[in-house]
Amino acid sequence: MKTDNKVISNEHLAYLQKVRRERQRVMLGRLAILAFFVLGWELAGRWGLIDTFITSQPSRILTTMVNLYREGQLFRHILITVLENIVGFISGTLLGTLLAIALWWSDYLSRVLDPYLVVLNALPKVALGPVLIVWVGNGAPAIIAMALLISLIVTVLTVYSGFSQVDEEKI
């Protein structure tokens, strides 16, 4: 077979078709798992197996999104959430960098805070969500605080590690 001025052998063509079928099978499997999850979630909510006040339902989420779109509020809410996350991540990155500089500058501070940083890094940050909502309330403060915490610990450890690996002669 000839395509784009290139000759493709029948074996190569068969291989490409096999690869394409495998990709399609993988995509179909992924979509089936997603559909099963969403359908199971919806049915669990309808049958009262889960508390829909806490977990909602796909149909309610879709209805809310459609209503927000019709009212012209959907993109406003998306923009606000994105901005809150940007504020949180930038704040976390700046604070994390400053803390990393302080740790690099002070060997004492580094040794004192090291076990706490290790524990905070191992802690799943999303698990802090409910605690943050209790501490700072829901809405913008909680979103900003969550983004800040997620980026703060990672930034501190990454930047401090980078600082610590710089050759003494280059400092």
Side-chain angles (χ1 to χ4, degrees), residues 1-94 96-97 100 117-133 138-140 142-163 165:
M1 173 176 231
K2 188 174 181 180
T3 61
D4 297 334
N5 296 328
K6 295 180 184 176
V7 177
I8 299 177
S9 68
N10 289 336
E11 294 84 17
H12 187 70
L13 186 60
Y15 170 76
L16 291 175
Q17 289 173 342
K18 179 182 173 189
V19 168
R20 185 179 307 117
R21 280 192 307 269
E22 181 63 23
R23 284 185 186 160
Q24 290 171 344
R25 283 183 53 229
V26 168
M27 183 58 70
L28 186 62
R30 289 175 179 170
L31 290 173
I33 290 171
L34 178 63
F36 179 76
F37 174 77
V38 171
L39 180 64
W41 178 14
E42 180 69 29
L43 292 175
R46 288 180 190 246
W47 295 339
L49 300 174
I50 59 173
D51 184 357
T52 56
F53 179 75
I54 295 173
T55 60
S56 192
Q57 286 176 274
S59 61
R60 288 183 178 181
I61 294 169
L62 184 60
T63 301
T64 301
M65 287 176 62
V66 168
N67 289 338
L68 286 172
Y69 180 76
R70 284 185 187 150
E71 296 167 1
Q73 296 294 315
L74 180 63
F75 295 110
R76 179 179 165 271
H77 285 284
I78 291 172
L79 177 65
I80 290 170
T81 302
V82 168
L83 290 175
E84 290 166 347
N85 277 284
I86 289 171
V87 167
F89 280 113
I90 289 174
S91 301
T93 301
L94 292 174
T97 302
L117 292 172
V118 170
V119 168
L120 286 173
N121 188 44
L123 180 73
K125 282 39 160 210
V126 177
L128 294 174
V131 175
L132 285 175
I133 290 172
N138 61 356
I143 293 170
I144 292 171
M146 179 62 84
L148 187 143
L149 284 176
I150 287 172
S151 62
L152 179 75
I153 301 304
V154 174
T155 301
V156 168
L157 293 175
T158 304
V159 173
Y160 176 64
S161 174
F163 285 164
Q165 294 175 5

Trainee: Hey, is the main chain of L117 close enough, under 3.5 Å, to the side chain of N121 for a donor-acceptor pair?
Mentor: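 A pair under 3.5 Å: no.
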
Trainee: Rounded at 0.5 Å granularity, tell me how far CZ in R20 sits from CD in Q17.
Mentor: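 Atom-to-atom, R20:CZ and Q17:CD are 6.0 Å apart.
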
Trainee: How long is the straight-line distance from CG of L149 back to CG of L132, given to the nearest 0.5 Å?
Mentor: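 Taking CG in L132 and CG in L149, the distance rounds to 5.5 Å.
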
Trainee: Would a 4.5 Å heavy-atom cut-off, applied to side chains only, mark V87 and L83 as touching?
Mentor: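 V87 does not reach L83 side chain to side chain.
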
Trainee: Could you state the interatomic distance from CD1 (I80) to CZ (F75), rounded to the nearest 0.5 Å?
Mentor: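 It is 14.0 Å, given to the nearest 0.5 Å.
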
Trainee: Does atom CG of N138 have more than 12 heavy-atom neighbours from other groups under 6.0 Å away?
Mentor: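 At most 12 heavy atoms, drawn from other residues, nucleotides or ligands, come within 6.0 Å of this atom.
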
Trainee: Which pair of heavy atoms, one from E84 and one from A140, lies closest together, and at what distance?
Mentor: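 Scanning both residues, the minimum pair turns out to be OE2-CB, 3.0 Å.
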
Trainee: Got a second to check how far I133's CD1 is from M146's CE, nearest 0.5 Å?
Mentor: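 Rounded to the nearest 0.5 Å, the CD1-CE separation comes to 7.5 Å.
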
Trainee: Got a second to check how far L148's CG is from T155's OG1, nearest 0.5 Å?
Mentor: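 So the gap between those two atoms works out to 9.0 Å.
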
Trainee: For the atom pair CD1 (I144) and CD1 (I90), what is the distance rounded to the nearest 0.5 Å?
Mentor: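 Reported to 0.5 Å precision, the distance equals 11.0 Å.
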
Trainee: Can you give me the closest heavy-atom contact between T93 and S151, atom names plus distance?
Mentor: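 It is N-OG, 3.8 Å.
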
Trainee: Looking only at non-hydrogen atoms, find the nearest pair between W41 and I61 and report the distance.
Mentor: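 Looks like CH2-CD1, 3.6 Å.
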
Trainee: Do any N or O atoms from the side chain of E42 and from the backbone of S59 form a donor-acceptor pair under 3.5 angstrom?
Mentor: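 Present.
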
Trainee: Check the pair R76 / Q73 against side-chain hydrogen bond (donor to acceptor under 3.5 Å, both in side chains), numbers first and verdict last.
Mentor: CA-CA 5 Å; R76 179 179 165 271; Q73 296 294 315; 3.2 Å; yes

